[in-house]
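Each chain gets a letter, A, B and so on, in the order the sequences are listed, and its residues count up from 1.
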There are 2 protein chains.
Amino acid sequence: MKNIISNINKAFDHRVRLGIMSVLMVNEYADFTSLKELLGVTDGNIASHIKALEKVGYVKVEKSFIDRKPNTRYSATKSGRNDFQKHIAAIENLLNQTQSKQ
Amino acid sequence: MKNIISNINKAFDHRVRLGIMSVLMVNEYADFTSLKELLGVTDGNIASHIKALEKVGYVKVEKSFIDRKPNTRYSATKSGRNDFQKHIAAIENLLNQTQSKQ
DNA sequence: TATTTTACTTTGTATCTCAAAGTACTTTAA
DNA sequence: TTAAAGTACTTTGAGATACAAAGTAAAATA
């Protein structure tokens with residue numbers, strides 16, 4: 001390991017994206033509005049964070065119609081789940097190091 | 001609590017600043033070069049992150065001369081330590097929620 | 001005395017974040 | 001049946017942030 005933060009994943013390095021992933025680890029699927037409300041951010045804001053996670057292949061978007069109404073649901077991909085676990089471990093390492101030496 | 005990420009502190013919401021604080025929790029003091037090397041970032045980059053933490057009162061800068069050479073050392077303030085602990089707790093809450101429900 | 005190194009600071013661009021406005025419907029009300 | 005309001009996003013653009021390169025000044029080294 002080059003340095004103490006090298007295992008921290010840039011893609012998850014924002015509280016909104018951390019929140020999105022946390023929700024998608026717990027729930028198989030989540031829709032736009034649920035994510036927005038759970039995290040307390042605006043439409044445009046959550047959309048851009050979802051898009052960022054989609055771009056790196058961590059979140060999958062499925063669009064369909066329910067009762068002729070458009071429905072979009074989001075889920076975490078396999079690699080999203082994997083890399084998020086690693087990210088958590090990296091943060092915990094960093095913090096454990098911190099706390100144990102106090 | 002309004003939403004699941006409301007206790008996550010924006011000031012610490014970047015891996016470099018997370019790293020700086022972790023180092024300063026463990027070590028009473030750290031100098032510019034140590035921080036830079038531990039975190040593997042460029043001069044300008046670490047300088048701006050330190051400045052951001054200084055601006056919100058979480059990091060204190062002390063400049064002095066040792067053997068007529070300028071020496072700058074950084075330390076975490078009381079509120080920096082306090083708020084960092086809270087931030088850690090907030091992240092852990094978010095992640096525990098995640099992990100326990102899987 | 002010249003050159004290199006150390007320890008930062010300044011600067012400018014590139015990237016990111018965010019909310020407001022826009023779009024494309026569906027639902028409700030008149 | 002047409003207008004107004006609501007829902008579920010997407011687009012846009014400005015402001016904030018991150019970053020590396022270049023700059024500076026003093027000290028060490030040759």
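Summarising the geometry, the separation between CD1 on A:I46 and P on C:dA20 is reported as 16 Å, rounded to the nearest angstrom. Between the CZ atom of A:F12 and the C1' atom of C:dC16 there is a distance of 18 Å, rounded to whole Å. Atom-to-atom, CZ of A:F32 to P of D:dT7 comes out at 14 Å; the value is rounded to the nearest Å. As a whole-Å value, the separation of A:E62 CD from D:dA8 P is 18 Å. Between the CG atom of A:D13 and the P atom of C:dT15 there is a distance of 18 Å, rounded to whole Å. Atoms NE2 (B:H14) and C1' (D:dA16) sit 13 Å apart, rounded to a whole Å. Straight-line distance from the NZ atom of A:K51 to the P atom of D:dA8: 18 Å, rounded to whole Å. Rounding to whole angstrom units, CD1 of residue A:I50 and C1' of C:dC18 are separated by 14 Å.
Contacts between residues 36-45 of chain A and DNA chain C, defined by a heavy-atom separation under 4.0 Å, are made by A:T42, A:G44, A:N45.
Aromatic ring centres of A:F84 and A:F12 lie closer together than 6.0 Å.
Residues meeting the side chain to side chain donor-acceptor pair (under 3.5 Å) test with B:R17, sequence neighbours left out: B:H49. Partners of A:N27 under the side chain to side chain donor-acceptor pair (under 3.5 Å) rule, at least two apart in sequence or in another chain, do not exist in this structure.
The shortest distance between the side-chain N/O atoms of B:K63 and the OP1/OP2 oxygens of C:dT9 is below 4.0 Å. The side chain of A:K10 contributes an N or O atom lying less than 4.0 Å from OP1 or OP2 of D:dC19. Checking the phosphate oxygens (OP1, OP2) of C:dA7, no side-chain nitrogen or oxygen of B:R73 falls inside 4.0 Å. A close approach under 4.0 Å does occur between a side-chain nitrogen or oxygen of A:H49 and OP1 or OP2 of C:dC18. For B:R15, a side-chain nitrogen or oxygen approaches OP1 or OP2 of D:dC19 to under 4.0 Å.
The nucleotide whose nearest atom lies closest to any side-chain atom of B:T72 is, among D:dT11, C:dC18, C:dC8, C:dC8. For B:S48, counting side-chain heavy atoms from C-beta on, the closest listed nucleotide (C:dT9, C:dC18, D:dC19) is D:dC19.
For the pair A:E28 and A:S75, the minimum side-chain heavy-atom distance is 4.5 Å or more.
The structure places NZ of B:K86 at 9.5 Å from CG of B:N9, a figure rounded to the nearest 0.5 Å.
A donor-acceptor distance shorter than 3.5 angstrom exists from the side chain of A:R81 to the backbone of A:L24, with no hydrogens or angles considered.
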Check your understanding: For B:R15 and A:D13, what are the C-alpha separation, side-chain angles and deciding distance, and is it a salt bridge (Lys or Arg N to Asp or Glu O under 4.0 Å)?
Key -> CA-CA 6 Å; B:R15 66 202 194 293; A:D13 204 4; 3.8 Å; yes
